[in-house]
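Notes for the one structure printed next.
Being a predicted model, the structure only gives us computed values, none of them experimental. Chain identifiers are assigned alphabetically (A, B, ...) following the order of the sequence lines, protein sequences preceding nucleic acid strands; residue numbering begins at 1 within each chain. Computation of the quantities below employed the complete heavy-atom set of this structure, encompassing side-chain atoms and omitting hydrogens, waters and symmetry-equivalent molecules.
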Amino acid sequence: MGVGLKLGKGGGDVGGEKAKMGFEETELRLGLPGNIRAGEGEVARKRGFSETVDLKLNLSSKESSGVDPNEKEKNLLPCATDPAKPPAKAQVVGWPPVRSFRKNMFATQKSSSEESEKGGAGNAAFVKVSMDGAPYLRKVDLRMYKTYLELSDALAKMFSSFTIGNCGSQGVKDFMNESKLMDLLNGSDYVPTYEDKDGDWMLVGDVPWDMFVESCKRLRIMKGTEAIGLAPRAMEKCKNRS
Amino acid sequence: MNYFPDEVLEHVFDFISSHKDRNSVSLVCKSWYKIERFSRQRVFIGNCYSISPDRLIARFPGLKSLTLKGKPHFADFNLVPHDWGGFLDPWIRALAKSRIGLEELRLKRMVVSDESLELLSKSFLNFKSLVLVSCEGFTTDGIAAIAANCRFLRELDLQENEVDDHRGHWLSCFPESCTSLVSLNFACLKGEINLGALERLVVRSPNLKSLRLNRAVPLDTLQKILMRAPQVVDLGTGSYVHDPSSEVYNKLKSAFQRCKSIRSLSGFLEVAPRCMSAIYPICTNLTFLNLSYAPGLHGNELTKLIQHCRKLQRLWILDCIGDKGLGVVASTCKELQELRVFPSDPYGAGNAAVTEEGLVLISAGCTKLNSLLYFCQQMTNAALITVAKNCPNFIRFRLCILDPIKPDAVTNQPLDEGFGAIVQSCKGLKRLSLSGLLTDQVFLYIGMYAEQLEMLSIAFAGDSDKGMLYVLNGCKKLRKLEIRDCPFGNAALLEDVGKYETMRSLWMSSCEVTLGGCKTLAEKMPSLSVEIINDTDQMEFSLDDRQKVEKMYLYRTLVGHREDAPEFVWIL
């Protein structure tokens, strides 16, 4: 199909001769830009224009053919990695032809998702933590921790003063003894629970950590006796203790 | 002609609905002209400056539905300064003063003010339908006026408008008595929404068939809405993010199962890929799927979704689907007629993930394809020739290679032969957009073969005036021609000045046309308006005729030069 199309096929207004002319001139022009054609005023003018276009698109003559496309894209638009910033000067106005509405949508979408990707979800996830019997609540940023164990340690440290107080006699010695603290929190009357996005109270530890962080709205360290009806595991814990 | 009483002719004309046919009918004779103009209810004005509101009202006293388009197409790509024109206000004021019972208004690329919207809402008792596409200049206060005052409102459709969002109370402005809504689309609004008001509105709108939400509507509200409106046919989700193991998500799944009528789906402005399985039940009947604003959906989740959509006729997608993903589309969507692949990085910095391979796969699998918009990394002549062979039914073919002068990726030749094959094979082609390295040759082909072509968009192409001349001489049905950064000059512009009277408009920017050439054209053709648009930061406009014109926009008009042109527009 290719070659047959070019010469003298149909085309009323165009006319055979004109078509031929067009083809010849096209043939000439298939050379790489930068080649000088002496004595062809028209061609020389065309060069001038294409040089302007090349400048506009920030291409050097070397790059306009046969180069790895990835490479070329990078050279073409060096600074456009962050669409939230105004486009770099190297970009051509109005190209690619995408509606401004769409461009703006993507600028906001990208910057908000970039925010949440920074440092393991840059948005902090502060939740209130209450402990039954404690006179006041605390707040923790769940995104500071990577596992339930880490969270548990942190909570233990936070509420150590209250547990010591409740347990009574041992005082400062127990406070210094971390493992005893853990026992207090894990083994004794206390059951860690949380309120999720649906408003239900759940037992901490059932779902994968990431899912927990996404859905946890607040934490409550319940006294075992209060945890009746919460979850079978919690119930069992209470039974085992008593 | 006059053998029938007028009433009979009127009745016959009732069956003629296409604008083109109606226009033809009115040209037959005076009597037909008269009968036609009194019975015409729907008028389409493709360029708001081609006619004046007064003449419209005088000719069509029975006008009920008006479509108006303002700025030229290249305004979409920031090539037209903001205050260029396209104001709705004079139209609304004139219509409001008249006895026209306007019921429907459809606008594209117009500047719409809150005052206009308020006047509109108060002037036409039976106003039913407002559709705004790519408009600007208004806020949610204007929308609130429409909601509050249009008692029989059926349709409020806002598509991709730049709206200043004053946050949320506009929804509450729909009175309790408003129960007539059929279509509500506010996806382009950026602000918060009164969710309770939205739910109550849906509950009292039993005829609601089309609902497109914005980002501020969360998934649990969507679930509640769907429970109350299972009859919906066209749905645009808002934020589609939730924990797939939650109760809300389960309820959403059952809600979708009850929605047996959904044929069109869009939105997913924020999306949690793991929540897509709720949608599978409605995928089987979908005919239109728009995921072009959902960059969060790609890879396996995306292809899994597509594989459920066997009846799809129109698909709008992002290029992160990749060539392989397009292969899945090709093997699944055998009914596909329209495909749009948008760049996931619209600033063109990154690499588009689709190439000529994806397009070839689509053409092989989806032989009913007739409309294409394809942003891609690269293209080859061989691929285009194959596509032309596989899909001879293209009506719209728009190809955008991200690097605008990229040659054939394999042979390094210009893409003339490929596009030539497209125009030769697709005899019904009406709209064409070119890109890639192109010489005058491609225009020779277009002039020779594109007999039905009505709109042509050219950028960074051609070698000389011959290119433009081939098109102007060959394409008899050409209506809109838009050219940027091409070496076409005065010789091409002035060879056949009468041609422009047969077209709606011509746009040329960053070409070789000079001020002198434009002046000559304006002198010869008083029925044209020749506008020179100077970007504001250009130095004072020198009167040297040899100076090249940065932006020229000309259009035919029955009412002479417009009077609302800003300072930077010079009408010759």
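Between chain A and the options B/L79, B/N381, B/L318, heavy-atom pairs under 4.5 Å are most frequent for B/L318. Between chain A and the options B/A75, B/S433, B/S292, B/C400, the largest number of non-hydrogen pairs under 4.5 Å is found for B/S292.
The NZ atom of B/K190 sits 8.0 Å away from atom CE of A/M105, with the distance rounded to the nearest 0.5 Å. Remark: B/H242 NE2 to A/D198 CG distance equals 5.5 Å, nearest 0.5 Å. The line from OG of B/S134 to CZ of A/R102 is 11.0 Å long, rounded to the nearest 0.5 Å. Once rounded to the nearest 0.5 Å, the distance linking CZ of A/F106 with CZ of B/F342 reads 9.0 Å. Atom OG in B/S245 sits 4.5 Å away from atom CE in A/M211 (nearest 0.5 Å).
Heavy-atom distances place both the backbone and the side chain of A/K103 under 4.5 Å from chain B. Proximity to chain A involves both the backbone and the side chain of B/N78, based on heavy atoms less than 4.5 angstrom apart. Neither the backbone nor the side chain of B/A409 comes within contact range of chain A; no heavy atoms are under 4.5 Å apart. Residue B/S457 does not touch chain A at all, counting heavy-atom pairs closer than 4.5 Å.
Looking only at side-chain heavy atoms (C-beta outward), A/K197 and B/D220 stay at 4.5 Å or farther from each other.
A cation-pi geometry, defined here as NZ or CZ lying under 6.0 Å from the six-membered ring centre and within 45° of its normal, does not hold between A/R99 and B/F77.
With hydrogens and angles ignored, the 3.5 Å screen pairs no side-chain donor or acceptor of A/W95 with any backbone N or O of B/D403.
Counting non-hydrogen atoms of neighbouring residues, nucleotides and ligands closer than 6.0 angstrom, the CD atom of B/E451 reaches no more than 12 such neighbours.
Here the closest heavy-atom approach between residue A/P97 and residue B/F375 is recorded as O-CZ, 3.3 Å.
Residues A/S100 and B/D76 bring no donor and acceptor atom of their side chains to less than 3.5 Å of each other.
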